[in-house]
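What follows is one structure encoded as structure tokens, with my remarks underneath.
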Amino acid sequence: METKPRMLVILDVVTILLFATAVGMVFFYAPLEAVMGQVQRVFYFHVANAWVGMLGFMVAAIAGIAFLRKGDHKWDIVGLAAVEISLVFFFTAIVSGSIWARGSWGTWWTWDPRLTTAAICELVYAAYLMLRQGIEDPDRRARFGAVYAILGFISVPLTFMSIRIFRTIHPVVIGSGAAAAEGSFDMTPKMLQTFMFSLFTFSFIFADLLWHRIRLGKLAAKAESLRLKTLQ
Amino acid sequence: MLLSFFLQQGPAETTRYMIAGYAVIFGVMFIYLVSLFIRNRNLKRDLELLEEMEQKEK
């Protein structure tokens, strides 16, 4: 059985330390926001979760292109791993955003352009996993997955840009937002440091989880090929 | 100015939403980590079994 690489062990430790520091910064370093109160602290990890979601969908699209060009199944494993992780983190971003909205907008959900495009994006990638399950042939599944990940990625910039293009109540963190935005706030230096550190930490979490998920994918591929061999 | 001082309000009381938000964030992360661990363990078991079967066939 393959042992865990030393670099992965180091990455695990570094990620745990970064995560503990980020949690400490969110609760003990970042100041209390003057209007929204404690619920504003959700913002740090809410955005970081959304960042991981979008990052993973981008990695999946790149892996899709690499698979179509080279035909190497390792890219299919990378794509699947990235989509799965991103789906989990994007889901968390949507739910935590909904909780933040209840605290600051007074509603759990509204069909705002950002919320709608984010929900569509999540559903697009949930469908990717479900449709993959329905294809038995590994080559066809990988080809389908690659094309789907590339096309599905259209929903990511659409989600990102929705608050910059359409009239929305969702606040814009980076850059200028819409006049109708509610729940926006000016970040103090400590808030900004916590925010940037959370993004940095979650990038490490993504890299660490991706490596673990790729190893799992390789095991699954090995088990599948052995199963097919025994069936023949 | 004196009036605005007396009318000034503190931050909204939204602690329970913060707790709910972080419960979801940590909870989902924990469940995903557990799922990775369980799937890894099950796959290793399957592989051992399949390799044993392959050995017997030889």
Side-chain angles (χ1 to χ4, degrees), chain A residues 1-2 19 23 26-27 31-46 48-49 52 81 84-85 87-89 91-104 106 108 202 205 208-209 212-213 215-231, chain B:
Chain A
M1 210 60 69
E2 205 182 320
F19 185 65
V23 170
V26 165
F27 292 106
L32 183 68
E33 205 274 328
V35 180
M36 285 180 277
Q38 296 285 4
V39 75
Q40 182 272 335
R41 292 188 200 277
V42 171
F43 153 80
Y44 303 109
F45 281 14
H46 161 71
N49 271 285
V52 168
E84 189 188 280
I85 295 164
L87 208 55
V88 171
F89 279 79
F91 170 77
T92 310
I94 291 171
V95 177
S96 63
S98 172
I99 294 166
W100 183 19
R102 182 74 179 104
S104 87
W108 295 104
F202 271 71
I205 292 174
D208 191 37
L209 284 176
H212 281 285
R213 186 58 186 81
R215 280 167 56 84
L216 188 75
K218 281 180 182 169
L219 269 183
K222 198 174 169 187
E224 190 179 29
S225 70
L226 269 175
R227 224 172 266 136
L228 287 172
K229 226 175 171 183
T230 45
L231 282 172
Chain B
M1 191 174 165
L2 193 67
L3 186 68
S4 66
F5 175 79
F6 283 112
L7 288 176
Q8 190 181 357
Q9 290 177 335
E13 178 40 53
T14 51
T15 310
R16 61 196 172 125
Y17 294 117
M18 182 204 69
I19 294 168
Y22 276 98
V24 169
I25 291 166
F26 294 143
V28 172
M29 267 177 139
F30 178 72
I31 291 167
Y32 185 62
L33 285 176
V34 171
S35 96
L36 277 182
F37 174 78
I38 292 172
R39 282 186 288 168
N40 191 45
R41 191 192 59 190
N42 291 348
L43 271 172
K44 279 179 178 168
R45 276 186 198 159
D46 285 359
L47 266 176
E48 277 171 18
L49 195 72
L50 286 163
E51 276 165 359
E52 250 175 54
M53 283 168 72
E54 203 187 24
Q55 288 290 322
K56 276 181 192 170
E57 275 178 22
K58 280 178 185 173

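Labels below follow one simple rule: chain letters A, B, ... track the order of the sequence lines, proteins then strands, and each chain is numbered from 1.
Of all heavy-atom pairs spanning A/M36 and B/T14, the tightest one is O-OG1, 2.7 Å. In this structure, B/L43 and A/L216 approach most closely via the heavy-atom pair CD1-O, 3.7 Å. When all heavy atoms of A/G37 and B/P11 are compared, the pair lying nearest together is CA-CB, 3.7 Å. Here the closest non-hydrogen pair linking B/G21 and A/S96 is O-CB, 4.4 Å.
Distance check, rounded to the nearest 0.5 Å: CG of B/D46 to CG of A/L226 gives 10.5 Å. The CZ atom of A/R215 lies 11.5 Å from the CG atom of B/L36; values are rounded to the nearest 0.5 Å. To the nearest 0.5 angstrom, A/I99 atom CD1 is 8.0 Å from B/I25 atom CD1. Taking CZ of A/R227 as the start and CG of B/L49 as the end, the distance is 9.5 Å to the nearest 0.5 Å. Expressed to the nearest 0.5 Å, how far CG of B/L50 lies from NZ of A/K222 amounts to 10.5 Å.
For B/L33, the part sitting under 4.5 Å from any heavy atom of chain A is the side chain, from C-beta outward, and nothing else. Using a 4.5 Å cut-off between heavy atoms, A/L32 contacts chain B through its side chain alone, with no backbone atom that close. At a 4.5 Å heavy-atom cutoff, the contact between A/V35 and chain B is made by backbone atoms alone. Using a 4.5 Å cut-off between heavy atoms, A/I205 touches chain B through its side chain atoms alone.
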Discussion item. As a quick check of understanding, evaluate side-chain contact (heavy atoms from CB on, under 4.5 Å) for A/R102 and B/R16, giving each step before the final call.
Written reply: CA-CA 11 Å; A/R102 182 74 179 104; B/R16 61 196 172 125; over 6 Å; no
Fill in: Intermediate values then yes/no, side-chain contact (heavy atoms from CB on, under 4.5 Å), A/F19 and B/M29
CA-CA 12 Å; A/F19 185 65; B/M29 267 177 139; 3.9 Å; yes
Discussion item. Using the rule given for side-chain contact (heavy atoms from CB on, under 4.5 Å), can you reason through A/R213 versus B/R39, listing the C-alpha separation, both sets of side-chain angles and the distance that settles it, and then say yes or no?
Written reply: CA-CA 10 Å; A/R213 186 58 186 81; B/R39 282 186 288 168; 4.0 Å; yes
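Not a single donor-acceptor pair under 3.5 Å links the side chain of B/Y17 to the backbone N or O of A/V42.
In B/Y22, the OH atom is crowded: over 12 heavy atoms of neighbouring residues, nucleotides or ligands sit closer than 6.0 Å.
Ring orientation note: the planes of A/F27 and B/F26 are tilted relative to one another, at an angle of 30° to 60°.
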